[in-house]
2 protein chains.
Amino acid sequence: MEEGLVVIPKATVSRLPLYLQALTEYDHLGITLVSSEEIAQKLGITSSQLRKDLSYFGGLGIRGAGYDVACLLGRIKEILGMQKKRRLAIIGAGKLGTALAGYRGLQQHGLEVKALFEIDKGKIGTAIAGVPVYPLAELHAQTARLGLEIAVLTVPAAAAQKVADLVVEAGFKAIWNFAPIRLEVPENIIVQYEDLVAGVLTLVHHLSRKLG
Amino acid sequence: MEEGLVVIPKATVSRLPLYLQALTEYDHLGITLVSSEEIAQKLGITSSQLRKDLSYFGGLGIRGAGYDVACLLGRIKEILGMQKKRRLAIIGAGKLGTALAGYRGLQQHGLEVKALFEIDKGKIGTAIAGVPVYPLAELHAQTARLGLEIAVLTVPAAAAQKVADLVVEAGFKAIWNFAPIRLEVPENIIVQYEDLVAGVLTLVHHLSRKLG
DNA sequence: GTCTCCTTGTGATTATTTTCACAATGTTAT
DNA sequence: ATAACATTGTGAAAATAATCACAAGGAGAC
Ligand SMILES: NC(=O)c1ccc[n+]([C@@H]2O[C@H](COP(=O)([O-])OP(=O)(O)OC[C@H]3O[C@@H](n4cnc5c(N)ncnc54)[C@H](O)[C@@H]3O)[C@@H](O)[C@H]2O)c1
Ligand SMILES: NC(=O)c1ccc[n+]([C@@H]2O[C@H](COP(=O)([O-])OP(=O)(O)OC[C@H]3O[C@@H](n4cnc5c(N)ncnc54)[C@H](O)[C@@H]3O)[C@@H](O)[C@H]2O)c1
């Protein structure tokens, strides 16, 4: 069960944030031991799926008892790469960018919003939720100075590709993209698409299946 | 190939919003015919996957030529249930709720934000992006009056379950939940979880795999 | 310490999804 | 009309994921 040799299924990785969520809640409630059945019930999955997923990371549980919440929480954070803090910049201080800048959930997961970038002169020089707003022209300079790694794209779709090009050039390693458009970037840049419309359309699809 | 008899794979349905995105872009550019290869390239998937997906809905393409953009767009909208307009309410007029209330992407997909609900007296009675803010106590009455179907939950996690209970009681049919918590609701209520933290943690995971 | 009970960890099985490869069938040029 | 060509639609094969069922092992009672 040497990790590194074992290939961890993509489907398993995609569920880790879910497990993190449930375990964080147990932790806050002061619960120190939970069974796979309990977690599974809370999350609406099967307990065998949870156990199988966790088994890829070695024997984390205690047979006959369950899983130690603190221990499992730590291990999942480690696997997700959350030990190291990451610095983000938000490009586009509009409605969504502003909301994200003030979102405490990011900070709580080791993600520090260090800068906002804008082209609107009215916003440049101000601070939003304590985060300074820089002109887009300073992207390159500030990226190096602040050690920025992840760019959050909350600019209009029409500007997104051009901004993505600038972001890549500035030295960012990853993009979290909220604009409803696919980006063309070099292979070595990680892109995570956050398509809120896709989410609600999935819901609409289920709704119309049921009700017409 | 009678639809209704054929079971459409979940994985296929989950990709339809993606196809919608690409086709909408082609449509705006005035392109009327595209090959599976072109679409696939833009989206970073294989052309055979696209063709297989579309094949579940019958012969939509033109052999030797490609797919008619307008025709395919219409069919996908139909399958996703977008012909019928849906009325939404946003519960929690905070940072995220405000951003969503003013998001034009919803309107563009037939989703009408008709109301915001709040407990903060300072916000009640005002309008945000043209949407009136009602007291949470009026949830039941306004749901019936306005014909609300989908509740968007943008309240703090601690309040989310209680609000979900109220939303169910008020007669909503579906919940689009942004609070980082799993909800307990009756079987017949559709819940779509929008976990932004999960998205960015997936990105962080990839990042730390690559860079450590 | 032994016995009973409980829950994990996992090989085997089944289901789902993706990829492959090519026949079918349309377009376009002449 | 016919030939040359392009692209779809789809069975079959391969890969991936989920579920099952139970042996293994640890906890707790006495
Ligand atoms: N508002 C939402 O709730 C929401 C939800 C999902 C997705 N989105 C997407 O997020 C993006 C932003 O949406 P929004 O509602 O916040 O729009 P917005 O108009 O409120 O904000 C966009 C901001 O980007 C700035 N901007 C424009 N071009 C720029 C550039 N080249 N460089 C830097 N800044 C630039 C504008 O000045 C503006 O402040 C859009 O692509 C939208 O589709 C928004
Ligand atoms: N801000 C973001 O970018 C962001 C991103 C992802 C997820 N979220 C989640 O969305 C939710 C809202 O986040 P936010 O940043 O907008 O918080 P916020 O504090 O800005 O807004 C919450 C709003 O809900 C209202 N509220 C509280 N209890 C209520 C109740 N019982 N009924 C109706 N309204 C009530 C508050 O008065 C406030 O206006 C949280 O669960 C958060 O985790 C936020």
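Residue numbers begin at 1 in each chain, while the letters A, B, ... track the order of the sequences.
Judged purely by distance below 3.5 Å, without hydrogens or angles, the side chains of Q161(B) and D165(B) pair a donor atom with an acceptor atom. With 3.5 Å as the limit, one finds no donor-acceptor pair spanning the side chains of R104(B) and Q107(B).
S36(A) comes within 4.0 angstrom of sugar-phosphate atoms only, judged by non-hydrogen atoms across all strands, and of no base. Residue-level contact check: K10(B) touches the backbone only, with heavy atoms under 4.0 Å from sugar-phosphate atoms and none from bases. Nucleic acid contact class of L54(B) (heavy atoms, under 4.0 Å, all strands): none.
Comparing D53(B) and G64(A) by the nucleotide of DNA chain D whose heavy atom lies nearest to each, the residue mapping closer to the 5' end is D53(B). The residue among I62(A) and Y67(B) whose nearest nucleotide of DNA chain D lies closer to the 5′ end is Y67(B).
Out of dT7(C), dA17(D), dT19(C), the shortest distance to the side chain of T46(B) is found at dT19(C). Comparing dT10(C), dA12(D), dT8(D) by their closest approach to the side chain of R51(B) singles out dT8(D). Side-chain proximity of R63(B) to dG26(C), dA27(D), dT18(C): nearest is dG26(C). In the set dT8(C), dA18(D), dG9(D), the nucleotide with an atom closest to the side chain of S55(B) is dG9(D).
Applying the side chain to side chain donor-acceptor pair (under 3.5 Å) test between E149(B) and each of R86(B), K85(B), R87(B), K114(B) identifies R86(B) as the sole match.
The distance between atom CG of L72(A) and atom C1' of dT7(C), rounded to the nearest whole Å, is 15 Å. As rounded to whole Å, 13 Å separates atom P of dT19(C) from atom CD of E37(B). For Q49(B) and dA21(C), the CD to P distance is 17 Å, given to the nearest whole Å. Rounded to a whole Å, the NZ atom of K52(A) is 15 Å from the P atom of dT14(C). Here dA6(D) presents its P atom at 15 Å from CG of L33(B), a figure rounded to the nearest Å. Note: CG (D68(A)) to P (dA27(D)) measures 12 Å, nearest angstrom. In this structure, CD1 of I45(A) is placed 13 Å from C1' of dT19(D), rounded to the nearest angstrom. Between the CG atom of L60(B) and the P atom of dT25(C) there is a distance of 17 Å, rounded to whole Å.
To the nearest 0.5 Å, atoms CG (D53(A)) and OG (S48(A)) are separated by 9.5 Å.
A heavy-atom distance below 4.0 Å to DNA chain C is reached by none of the residues of residues 21-32 of chain B.
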Residue pair L183(B), L153(B): steps toward the side chain to side chain contact (heavy atoms under 4.5 Å, CB included) verdict: CA-CA 11 Å; L183(B) 302 173; L153(B) 252 59; 4.0 Å; yes
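For the residue pair A93(B) and I128(B), the shortest heavy atom distance occurs at CB-CD1, 3.9 Å.
Under 4.0 Å is where a charged nitrogen must lie from a carboxylate oxygen, and between R182(A) and E25(B) no such pair does.
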